[in-house]
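Notes follow once the structure below has been shown.
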Protein chains: 2
Amino acid sequence: MATACLAGPFRPLRWSQIGEDALAKRITLADIALRSGLSVSTVSMVLNDRPGSRIPESTALRVRDIAKELGYAPDRTARGLRTGRSEAFGFISDEVTVTRYASAMVRGLLDAAEDSNYSVLIAETDNQSRRVEAAIRLMRTRRIDGILVGLMRARQIDLPGDIGGLPALIVNGKVDGVVSVLPDEYRAGLDAVHYLVSRGHRRIAFVGRAPEHLDPRVSWTIGRRVAGIDDAMADAGLSFVHEVGGVEWEPELGDHAAAEIFDRRDATAIITANDRIAFGVYRKARERGVEIPFEVSVLSFDDEQLASYMRPQITTMRLPYLEMGRIAAECLLERIGGGGKVAGRLVHEQDEILVPMPLIERDSVATIS
Amino acid sequence: MATACLAGPFRPLRWSQIGEDALAKRITLADIALRSGLSVSTVSMVLNDRPGSRIPESTALRVRDIAKELGYAPDRTARGLRTGRSEAFGFISDEVTVTRYASAMVRGLLDAAEDSNYSVLIAETDNQSRRVEAAIRLMRTRRIDGILVGLMRARQIDLPGDIGGLPALIVNGKVDGVVSVLPDEYRAGLDAVHYLVSRGHRRIAFVGRAPEHLDPRVSWTIGRRVAGIDDAMADAGLSFVHEVGGVEWEPELGDHAAAEIFDRRDATAIITANDRIAFGVYRKARERGVEIPFEVSVLSFDDEQLASYMRPQITTMRLPYLEMGRIAAECLLERIGGGGKVAGRLVHEQDEILVPMPLIERDSVATIS
DNA sequence: GCCCGCTAGGCAAGCGGTTGCCATGCGATC
DNA sequence: GATCGCATGGCAACCGCTTGCCTAGCGGGC
């Protein structure tokens, strides 16, 4: 690594700095106090417009003017020291930031934090409990006000490391005694089948069932997805014309399953348990000259990035990572009690907050009559 | 959004908290001072083992023991207030966190920060200068020690917002007067062609040239990639048997280009300017029954996630986002002077730090004789 | 006997806010 | 004219840590 810093033509030692002098002076309450002839405490009261302080509007106005003119911004470090609140929360993930699946979650929570003027401390732990512990410890020394744990795949875990007393939520996962934000998979399973049925399909195949996924330590949600699908099928008085099981939800399963299904020629629609399987189905279809959706429709789950490359564009039930991130952060901020916009909204606590999985209607499902 | 918090069955108001009492008492220097009969300042000196302080080893040992026993961890807020350094830096990106391309960058810099016990404050700005300014301002109020700017696609930008006096680096981009960490595209272009030539290819086609990409505001690096390719071809005494230009580097360009190239039957290898184009080429190849790499080899650039889905697995020049993130953070920490492991390594400043783009050799290039 | 110097460690100021409590001035009241 | 009370706003402690400077105590040299 170090060597890379030395690559390229040699130049004399110099570091990039812009506007050196801007660091010289940082505006404090004392500056405003001096300028206004008031005391630091009065200025503080005004700028936080503290209820109960009896400062006449004229004075307050003057103070605010001076503050604006000087470009005052409170030092969060100092404030944090005094109040014990940092106006920042932590986000600990297994590998959310780096994966193709769930990085939108980070975006969602960053957005929510920004709305409340909160900062987010992020740590990735690669599922190593040593790193989780270290991250929590480090964050606590920064006096974070709360903590969010995010998982790449929704499953049950134990949380190593002490989050004692800190408000906490887990996004896309399950930890005993901690509130979860989860995708509403059961509902999505239901919706998926209803959609297909509403488009006239009655001969439906399903790819991806695997009992292994029912273990909560493997997945906390897949069981619900499948249960939703099964229940909706039963409600519609249908059963699958063909099923191909498989633990590894990768394109190869789709290849293989599609070959079977195409050979039998009995399904008008295929539900794939995720987009990667659907990708394999697409690949096989192209190979065989089977036209989607005219000869067979495909309905999938997840809407990961991969989906954007598939032609025709695939219709899929989206995993709402962005929304989950945002909602989790909003709920956390509400719990903390500091979130500007969120404050004052009463939220009734549950174990699980379910976020809808929207049907992203694109071009892979045909209507048949 | 709010409504999502109310989804699911109603439960009484309760918030998830673990070990309520752990928050009760936080160990401070004063606690250690009390226990050891020493003064707070002495304890501080010991725990920071400040050079120049003349504390006998026996005392130091005792203090360290007590600190460990009590589980002391310094309050970074308080320390930061006193020292003016937060041991945190900021990362401002356009949309790095959320995109399929570059999120590994975040991982790299998180890892480097962790090694030095630094925290990272992350903000995404969606390219809105208003949000960039806000992010910088917010971070400054937290007294960050330095700032990293990360871009999804390497291009030249102006930095709105005042980073006055703060050490800064830009990752995968160019800002006047700020040091950049960039992929070594010229070298990669060279290497790509050399590789193909070394495998016996002399009739090579190229897909993706576009003069529009030469504008530094569009791309700071594509020009170098193409220049590397061109120079290596010239060095080898070759010229492309066919070229298909295109500004939009999407699968459709690959579809279209592959059709042309397959029709002419004169190329043994295709260089695609990026993986998405290669994806289109693959798609067309499957449609036409053209076997990669036996009938035609494909060499690509980027190694984005998409590449992992392509069969046969594609050989490509990887954009080293993880390393770029790590190196940028290490250099920033060195500049700050606080980075544990990094401290003391002298880095000579340049305008650009070039990170090698490794050839990821997989299965899409055949050797011909 | 006095002074010097060294060792070991303490004092207290401050970083920039927040906050409980007190002080001043003024008109109104008795 | 003394008292009261309210409207304004100041004082100072404190959050936990760092750091410049000072001190107590002791042994040794002249």
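Source: prediction; values computed, not measured. Residue numbers begin at 1 in each chain, while the letters A, B, ... track the order of the sequences. Every heavy atom of this structure was used, including side-chain atoms; hydrogens, water molecules and symmetry mates were not.
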Rounded distance in Å - CG (A:Leu29) to C1' (D:dG10) | 14 Å
Does B:Ala113 offer a backbone N or O that forms a donor-acceptor pair with the side chain of B:Ser116 under 3.5 Å?
-> no
Test item: B:Ser86 side-chain N/O and B:Arg143 main-chain N/O as donor-acceptor pair under 3.5 Å = yes
Using whole Å, report how far CD of B:Glu57 lies from C1' of C:dG9.
-> 16 Å
Would you kindly give the CG-to-P distance between B:Asp49 and D:dT18, to the nearest whole Å?
-> 12 Å
Is any side-chain nitrogen or oxygen of A:Thr59 closer than 4.0 Å to OP1 or OP2 of D:dG9?
-> yes
Can you find a side chain N or O atom of B:Arg79 that sits less than 4.0 Å from OP1 or OP2 on D:dT18?
-> yes
B:Arg85 CZ - D:dG16 P separation (whole Å) = 22 Å
Report yes or no: does A:Ser180 contribute a side-chain atom to a donor-acceptor pair with the main-chain N or O of A:Gly173 at less than 3.5 Å?
-> yes
Going by distance alone, is a donor N or O of one side chain under 3.5 Å from an acceptor N or O of the other, for B:Arg142 and A:Thr77?
-> no
Could you please name the option among C:dT19, D:dC17, D:dG9 that lies closest to any side-chain atom of A:Arg82?
-> C:dT19
Examine C:dG17: is either OP1 or OP2 under 4.0 Å from a nitrogen or oxygen in the side chain of A:Tyr72? Give yes or no.
-> yes
Flag, side chain of B:Asn48 to backbone of B:Met45, donor-acceptor distance under 3.5 Å | no
DNA chain C-proximal residues of residues 40-48 of chain B, any heavy atom under 4.0 Å = B:Ser41, B:Thr42
Rounded to whole angstroms, how far apart are CG on B:Leu81 and P on D:dC14?
-> 17 Å
If you take all heavy atoms of B:Tyr118 and A:Leu138, which pair is closest and at what distance?
-> O-CD2, 4.1 Å
To the nearest Å, how far apart are A:Asp75 CG and C:dG17 P?
-> 6 Å
Between B:Ser44 and B:Ser41, is any side-chain donor less than 3.5 angstrom from a side-chain acceptor?
-> no
Residue whose closest nucleotide on DNA chain D lies nearer the 5' end, B:Arg50 versus A:Ala78 = A:Ala78
Between CG of B:Leu38 and P of C:dC11 the distance, given in whole Å, is 11 Å
Nearest-nucleotide pick for B:Arg143, side chain only, options being C:dC15, D:dT19, D:dG16 = C:dC15
Between B:Thr28 and D:dG16, is there a side-chain N or O to OP1/OP2 distance below 4.0 Å?
-> no
Give the rounded distance in Å between these two atoms: CD of A:Glu87 and P of C:dT18.
-> 9 Å
